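To keep things clear, I will list the structure first and then write my remarks on it.
FYI, side chains are in, hydrogens and waters are out, and symmetry mates aren't considered; it's all heavy atoms of this structure. Keep in mind it's a predicted model, so treat the numbers as computed, not measured. All ligand and atom numbering here is 1-based and tracks the order in the structure.
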Amino acid sequence: MIIFKKAEDLKTYLDAERTEDRILGFVPTMGALHQGHTSLVRQSAAENALTLVSIFVNPTQFNDPLDFARYPKTLDRDLALLEEAGADIVFVPDEEEIYPPDEEEVPVFDPGPLGQILEGKARPGHFRGVSQVMRRFLLLLRPERLYMGQKDFQQCMIVDQLIRHLELRTRLLIIPTVREEDGLAMSSRNRLLTEPQRILSASLYQCLISIESKKGKTPFAVVKKECEDLLRDKGLEPDYVEIAEAHNLRLLDDYSRTEPMVALVAARLGGVRLIDNLLI
Ligand code: AMP
């Protein structure tokens with residue numbers, strides 16, 4: 001496994017190493033890695049001659065400075081996990097590598113209404129930052145395949161739009177969410193929870209299961225209220241509990257009989273914001 005800090009060195013290396021039958025799989029991360037991340041890396045390693053993982057805590061996608069300041073950093077452990085998962089190349093750039101001070105501001109990609117709902121509404125500017133950093137990475141690396149987690153469902157949709165907007169040949173592969181035994185979606189931010197909070201946070205997944213099991217039996221408005229009450233009972237502050245059409249994230253007032261749907265939940269616990277979703 002080879003580690004790069006400079007974009008230019010990485011580009012020189014890739015230009016030499018890549019050929020038509022040695023294609024590149026890319027896994028962007030913000031570090032503090034867990035098994036959710038390594039499942040993306042393992043899949044890429046199985047499908048591509050070269051697997052590149054980036055570790056970059058992108059400042060422009062944080063709308064809350066405290067969230068950015070306390071985002072966990074575990075670089076040595078991350079590198080050990082990546083080596084074991086089969087990564088070939090790790091890119092750990094400084095902020096100036098991604099946002100060079102002497103360069104014009106990175107052009108903004110507008111994801112339209114998709115960027116205004118759910119996470120876009122709760123975290124103004126978040127998807128603008130995600131699009132900025134992904135644009136930089138995608139144009140630098142031009143990976144054949146890009147691996148992202150279903151846990152960030154809306155982010156996957158926006159990045160897919162960005163790929164089309166940039167007219168790249170990159171194919172996005174969405175990898176199922178890896179969960180703890182009690183259903184909690186693995187997340188770097190889970191490290192910030194105390195042990196009792198960690199146990200209570202499984203209620204997000206309980207909401208998703210309940211939304212799924214009551215499909216076609218109970219009006220969604222009733223289920224939504226039950227879920228919000230459950231979250232509050234456990235000490236979480238719900239941000240949203242929604243269902244949407246899975247292919248375009250159009251929010252639904254009630255269960256659809258025909259469309260594939262996705263249930264999405266976000267809530268805060270002790271200053272930590274948690275999100276999760278389930279295809280139903
Ligand atoms: P992050 O480091 O949080 O930016 O995540 C990097 C990538 O890992 C994103 O594509 C996430 O969707 C994905 N990811 C994060 N948590 C999980 C999980 N529990 N299961 C699968 N993928 C995940």
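The hydrophobic cluster around Val92 extends to Met1, Ile3, Val27, Leu33, Leu40, Val41, Val53, Ile55, Leu75, Leu79, Leu81, Leu82, Val90, Tyr147, Leu173, Ile175, counting ILVMFWY residues whose side-chain heavy atoms fall within less than 4.5 Å of a member.
With Thr170 contributing its side chain and Leu146 its backbone, the two residues share no donor-acceptor pair below 3.5 Å. Put simply, the side chain of Arg136 gets close to the backbone of Ile98: a donor and an acceptor are under 3.5 Å apart. At distances below 3.5 Å, not a single donor-acceptor pair connects side-chain atoms of Arg268 with backbone N or O atoms of Leu236. In this structure, Asn48 contributes its side chain and Arg145 its backbone to no donor-acceptor pair below 3.5 Å.
With values rounded to the nearest 0.5 angstrom, Asp182 atom CG is found 6.5 Å from Ser201 atom OG.
Enumerated by chain and number, the residues approaching ligand 1 to less than 4.0 Å through a heavy atom are Pro28, Thr29, Met30, His34, Gly36, His37, Leu40, Tyr71, Met148, Gly149, Lys151, Asp152, Pro176, Thr177, Val178, Met186.
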